[in-house]
Amino acid sequence: NENIAVEVKDGKTILTVNVKNAYGASLEIVLAKAPPFTDVPVDSFYFDAVEWAVEKEITAGIGDGTFLPNRAVTRAEIVTMLWCAAGAEIVDAENPFTDVNEGDYFYNAVLWAVKNGYVYGVTETKFAPNAAATRAEAITFLWRAEGKPGRAEDVVFSDVEDNRFYTD
């Protein structure tokens, strides 16, 4: 029917119905997808990013229909998201950590990240998967995964000391 149009715009389905009346009125109905998690409001600044990460299978939330957007991310979670973003490759590697066990949701992610040199443990035998990831750890994991690109000499932070593991 030429009086009905359906289009997808910015991930939302828009149904437009042209009504023939004396005023030439048009009715537009936006059919938005349901939010991916009950605690991720559609109008939040991070909604699109979370929805993207769900669509790319980078995250599935914490398993009960929530994302917990204001909770700190753990070392295991950041490594798992990085692993999923890179394709979730299963690698054949030795597990050096006593606190990372086969069956843990992050097991393959940690082995992949260690084998590729993206992460290290907090000691030679401990990964500390449930410890909150610091901003320095998270940015270093990402930097290493990107191949350790050159340091931007013109970027200076007053709280970043020279020769720290995260400086570059």
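Note on V119: it clusters hydrophobically with I90, by side-chain heavy-atom contacts below 4.5 Å among ILVMFWY residues. V91 and L82 fall within the same hydrophobic cluster, defined by Ile, Leu, Val, Met, Phe, Trp and Tyr side-chain heavy atoms under 4.5 Å apart, directly or through other members. Note on V160 and L142: separate hydrophobic clusters, where clusters join Ile, Leu, Val, Met, Phe, Trp and Tyr whose side-chain heavy atoms are under 4.5 Å apart, directly or indirectly.
Pairs of residues two or more places apart, or lying in two chains, never qualify as salt bridge (charged side-chain N to carboxylate O under 4.0 Å, His left out) while including a residue from residues 95-113. Residue pairs that meet the side chain to side chain donor-acceptor pair (under 3.5 Å) test with at least one member in residues 56-67, sequence neighbours left out, are D64-T66.
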TODO: Given side-chain contact (heavy atoms from CB on, under 4.5 Å), test F37 with V54 step by step and report yes or no.
DONE: CA-CA 10 Å; F37 302 106; V54 169; 3.5 Å; yes
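Looking at heavy atoms from C-beta onward, V79 lies in side-chain contact with F141 at the 4.5 angstrom threshold. Inter-residue side-chain proximity for R71 and E77 is flagged as met; some heavy-atom pair is nearer than 4.5 Å.
Within 6.0 Å of CD1 in I62 there are more than 12 heavy atoms belonging to other residues, nucleotides or ligands.
Considering only residues two or more places apart in sequence or on other chains, T125 meets the side-chain hydrogen bond (donor to acceptor under 3.5 Å, both in side chains) condition with none of them. With sequence neighbours excluded, the residues forming a side chain to side chain contact (heavy atoms under 4.5 Å, CB included) with N95 are F97, V100, Y107, L111, listed by chain and number. Applying the ring pair (Phe, Tyr, Trp, His ring centres under 6.0 Å) criterion to Y118, with sequence neighbours excluded, gives W112. Not counting sequence neighbours, N130 has no partner by the side chain to side chain contact (heavy atoms under 4.5 Å, CB included) test. With sequence neighbours left out, T134 forms a side chain to side chain contact (heavy atoms under 4.5 Å, CB included) with A136, E137. The side-chain hydrogen bond (donor to acceptor under 3.5 Å, both in side chains) search around K126 returns T98, not counting sequence neighbours. Residues that satisfy the side chain to side chain contact (heavy atoms under 4.5 Å, CB included) test with D92, not counting sequence neighbours, are absent from this structure.
The minimum heavy-atom distance linking P149 with W143 is given by the pair O-NE1, 3.0 Å. When all heavy atoms are compared, the tightest approach of Y120 to R75 is O-NH2, 2.9 Å. Contact detail for V73 and M81: the closest heavy-atom pair is CG2-CE, 3.6 Å. For A76 against F127, the heavy-atom pair with the smallest separation is N-CE2, 4.2 Å.
At distances below 3.5 Å, not a single donor-acceptor pair connects side-chain atoms of W83 with backbone N or O atoms of A113.
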Please list, one pair per line, the donor and acceptor atoms closer than 3.5 Å that link side chains of residues 38-47 to other protein atoms, with sequence neighbours excluded.
{"residue": "T38", "atom": "OG1", "partner": "G65", "partner atom": "O", "Å": "3.3"}
{"residue": "D39", "atom": "OD1", "partner": "F67", "partner atom": "N", "Å": "2.8"}
{"residue": "D39", "atom": "OD2", "partner": "F67", "partner atom": "N", "Å": "3.2"}
{"residue": "D39", "atom": "OD2", "partner": "L68", "partner atom": "N", "Å": "2.7"}
{"residue": "S44", "atom": "OG", "partner": "P41", "partner atom": "O", "Å": "2.7"}
{"residue": "S44", "atom": "OG", "partner": "F47", "partner atom": "N", "Å": "3.3"}

